[in-house]
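FYI, the numbering just counts along the sequence from 1. Predicted, not measured: the structure shown is a model, and the values here were computed from it.
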Amino acid sequence: MLVVDDDEVIRQLIAVNLQLEGFEVETAVDGQDCLDKVIEVDPLVITLDIMMPRLDGWVTAVKLREDPATSHMKVVMITARAQDHDIRRGHEIGVDAYVTKPFDPAHLIRTVRKLAGAGPHA
């Protein structure tokens with residue numbers, strides 16, 4: 001797992017919830033940091049905020065999809081941008097799931113488990 005969010009509190013909240021469920025979690029502070037770490041970490045699933053400095057989540061998701069080395073990785077957008085056109089844009093880019101802030105940690109865990117191929121109680 002790679003958790004990408006520029007807000008340290010949210011990044012840690014997501015990471016701790018996933019770690020409590022048995023996931024190994026690495027973190028990144030923005031899209032550029034994500035792209036710098038993603039090959040080394042080789043995550044099954046990436047949680048990605050949209051509004052971040054240096055490289056936002058939209059551009060990061062496009063770059064992940066365009067690179068054959070990362071195109072298979074599952075991407076979950078976690079964002080306060082919850083309007084229909086934002087969700088549509090995420091689907092057009094090819095993100096695998098879209099979770100809006102504030103989010104229910106249990107919903108996030110179910111989403112990540114499904115994308116990681118783990119059962120509901122794995």
What residues form a side chain to side chain donor-acceptor pair (under 3.5 Å) with Asp6, not counting sequence neighbours? none
For residues 50-62, which side-chain donor-acceptor pairs fall under 3.5 Å, sequence neighbours excluded?
| residue | atom | partner | partner atom | Å |
| --- | --- | --- | --- | --- |
| Arg54 | NE | Asp30 | OD2 | 2.8 |
| Arg54 | NH2 | Asp30 | OD1 | 3.2 |
| Arg54 | NH2 | Asp30 | OD2 | 3.4 |
| Asp56 | OD1 | Trp58 | N | 3.0 |
| Asp56 | OD1 | Val59 | N | 2.8 |
| Thr60 | OG1 | Asp56 | O | 2.7 |

Group every Ile, Leu, Val, Met, Phe, Trp and Tyr by side-chain heavy-atom contacts under 4.5 Å, then state whether Ile46 and Leu108 land in the same group. no
Going hydrophobic residue to hydrophobic residue with side-chain gaps under 4.5 angstrom, can you get from Val38 over to Val25? no
Applying the 4.5 Å side-chain criterion to the ILVMFWY set and letting contacts propagate, would Val75 and Ile14 be lumped into a single cluster? no
With Leu48, which of Asp5, Val4, Ile78 fulfils side chain to side chain contact (heavy atoms under 4.5 Å, CB included)? Val4
Contacts of type side chain to side chain donor-acceptor pair (under 3.5 Å), residue Lys63, not counting sequence neighbours: none
Residues which pass side chain to side chain donor-acceptor pair (under 3.5 Å) with Arg65, listed by chain and number, not counting sequence neighbours: Asp96
Taking atom CG of Asp84 as the centre, does the number of heavy atoms from other residues, nucleotides or ligands within less than 6.0 Å exceed 12? no
Would you please name every residue forming a salt bridge (Lys or Arg N to Asp or Glu O under 4.0 Å) with Asp7, sequence neighbours left out? none
Linking I/L/V/M/F/W/Y whenever their side-chain heavy atoms sit closer than 4.5 Å, directly or via other members, would Phe23 and Leu115 fall into one cluster? yes
All side chain to side chain contact (heavy atoms under 4.5 Å, CB included) counterparts of Ile39, not counting sequence neighbours: Ala69, Thr70
Please assess His107 against Thr111 for the test side-chain contact (heavy atoms from CB on, under 4.5 Å), listing each intermediate value before the final yes or no. CA-CA 6 Å; His107 172 67; Thr111 300; 3.7 Å; yes
According to salt bridge (Lys or Arg N to Asp or Glu O under 4.0 Å), who are the partners of Arg110, at least two apart in sequence or on a separate chain? none
All pairs passing salt bridge (charged side-chain N to carboxylate O under 4.0 Å, His left out) where residues 8-19 contributes a residue, at least two apart: none
Which value, rounded to the nearest 0.5 Å, describes the distance between Ile109 atom CD1 and Leu20 atom CG? 8.0 Å
4.5 Å side-chain heavy-atom contact, Met1 and Thr47: yes
First locate atom CZ of Arg89, then atom CD of Gln83, and finally report the distance between them rounded to the nearest 0.5 Å. 12.5 Å
Do you reckon Val45 sits in the same ILVMFWY cluster as Leu18, going by side-chain contacts under 4.5 Å, direct or chained? yes
In terms of heavy-atom contacts, Ala28 and Cys34 come closest through CB-N, 3.6 Å
Any Tyr98 side-chain heavy atom under 4.5 Å of Asp86 side chain: yes
If you link I, L, V, M, F, W and Y whenever their side-chain heavy atoms are under 4.5 Å apart, who else ends up in the same group as Val41? none
Restricting to non-hydrogen atoms, name the atom on Ala15 and the atom on Thr27 that form the minimum distance, rounded to 0.1 Å. CB-CG2, 4.2 Å
For residues 33-46, which residue pairs pass the salt bridge (charged side-chain N to carboxylate O under 4.0 Å, His left out) check, not counting sequence neighbours? Asp33-Lys37
